[in-house]
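Only one structure is covered here, and it is reproduced in the block below.
Start at 1 with the first residue, then count along the sequence.
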Amino acid sequence: LLPWNVQLTGAYSDPNITYSPMVTSLQVGSGDVYIGGMFNNVNGIAQHGLAVVDPVIGVSDPAFTVPSILPTSYLTAMLLDGNNLYIAGRDSHTGDMRRLEGTMALTADTGSIRWGSDLHRCMGDTFALTTFAGAIWAGTHAHDCSAPGVNGHPENSFPDRASHRFYASTIGHNPATGEMFHFFPDTAGSTSVPGSMDNVRAFATDGTRLFVGGGWQTINGISQQNLNFYSLRTAVTSDPPVKVSPKATTDSTGAVTVSWISSTDRDDRNLTYRVFRRPATTPFVTVTAPSAFWSRQTMTALDNPAQGST
């Protein structure tokens, strides 16, 4: 055996079971090896969840500052991309909003946090990370991504429904800022089918497609079990946005105000509306505005048609 001998000690405990020290993720860089998992000490020094050591004998890298990770949290996935280290985790034993769920971006040589610090990442266990099409992708079941810098869906995404949460399964982050891209495929399963509500647990890519694997029964309401892929869009081939129901009111001058609740779309945030006055084929107004399923606004368009037109 090579002399590389990292010492990971300290059992990880949850309310039901105690785990021996365990490695869940590993990344190898040009000068360091990054180790994530369930442990509390690295080479005899108290250090929870993340170890950064040299590749020859396994001593800890003194130049790397490991971020503080709650003892109830542990790393589930890591991704090394140039001098950027992305880590993701799981925590099902505390309601502390500082728990390591979602994704954190670090500088690989020093450990300084680039984005995703405490209170600035999604809430929801995350299990896979990869790069694809200029984004950092996370396989997750994120239920609250409204934190500053992420700017995604809130915990109460559907206040008018009995089940108000939306569980995002595949999240794309801007690598520079951590902000979520507007991409919301909807995976769903059933509590009566074991494993069908695990959401995304693994990624692979061939450069043009993002393959996702995990546990679900449907995607966007269509039967597709446990394995799927997403392609780069070269044309408008996605599902159409949610239909709107415009209403028109007229004032004493004959001016017409058309109003509607904004639509939503799974992969486009900025939507364009064209309002027509029959029988014209050219819209009398065109409006482009951002919209999301958790924040739909009232849109209006004003028209003052000639008397007798409809």
Assess the residue pair Thr131 and Asp81 against the criterion (side-chain hydrogen bond (donor to acceptor under 3.5 Å, both in side chains)); give the C-alpha distance rounded to whole Å, side-chain angles, the decisive distance to 0.1 Å, and a yes or no. CA-CA 8 Å; Thr131 58; Asp81 184 32; 5.2 Å; no
Answer with yes or no whether the side chains of Glu155 and His143 bring together a donor and an acceptor at under 3.5 Å. yes
Report yes or no: is the cationic atom of Arg266 (NZ for Lys, CZ for Arg) under 6.0 Å from the centre of the six-membered ring of Phe184, at an angle within 45° of the ring normal? no
Would you say Thr107 and Ser112 are linked by a side-chain donor-acceptor pair, where the criterion is simply a distance under 3.5 Å? yes
Could Arg98 and Asp118 be called an ion pair, given the rule that one side-chain N must be under 4.0 Å from one carboxylate O? no
Flag for Thr288-Asn270: side-chain donor and acceptor within less than 3.5 Å: no
Considering only NZ, NE, NH1 and NH2 on the basic side and carboxylate oxygens on the acidic side, decide whether Arg90 and Glu101 come within less than 4.0 Å. no
Can you list the steps and then say if Val244 with Val242 is a side chain to side chain contact (heavy atoms under 4.5 Å, CB included)? CA-CA 7 Å; Val244 298; Val242 174; over 6 Å; no
Just say parallel, tilted or perpendicular for the rings of Phe158 and Phe293, cut-offs at 30° and 60°. parallel
Near Leu119 CG, under 6.0 Å, is it more than 12 heavy atoms from other residues, nucleotides or ligands? yes
If you take the centroid of each ring, where Trp contributes its six-membered ring, are His173 and Trp137 closer together than 6.0 Å? no
Determine the sole option in Asn220, Asn199, Asp198 for which the side chain to side chain donor-acceptor pair (under 3.5 Å) test with Thr187 is passed. Asn199
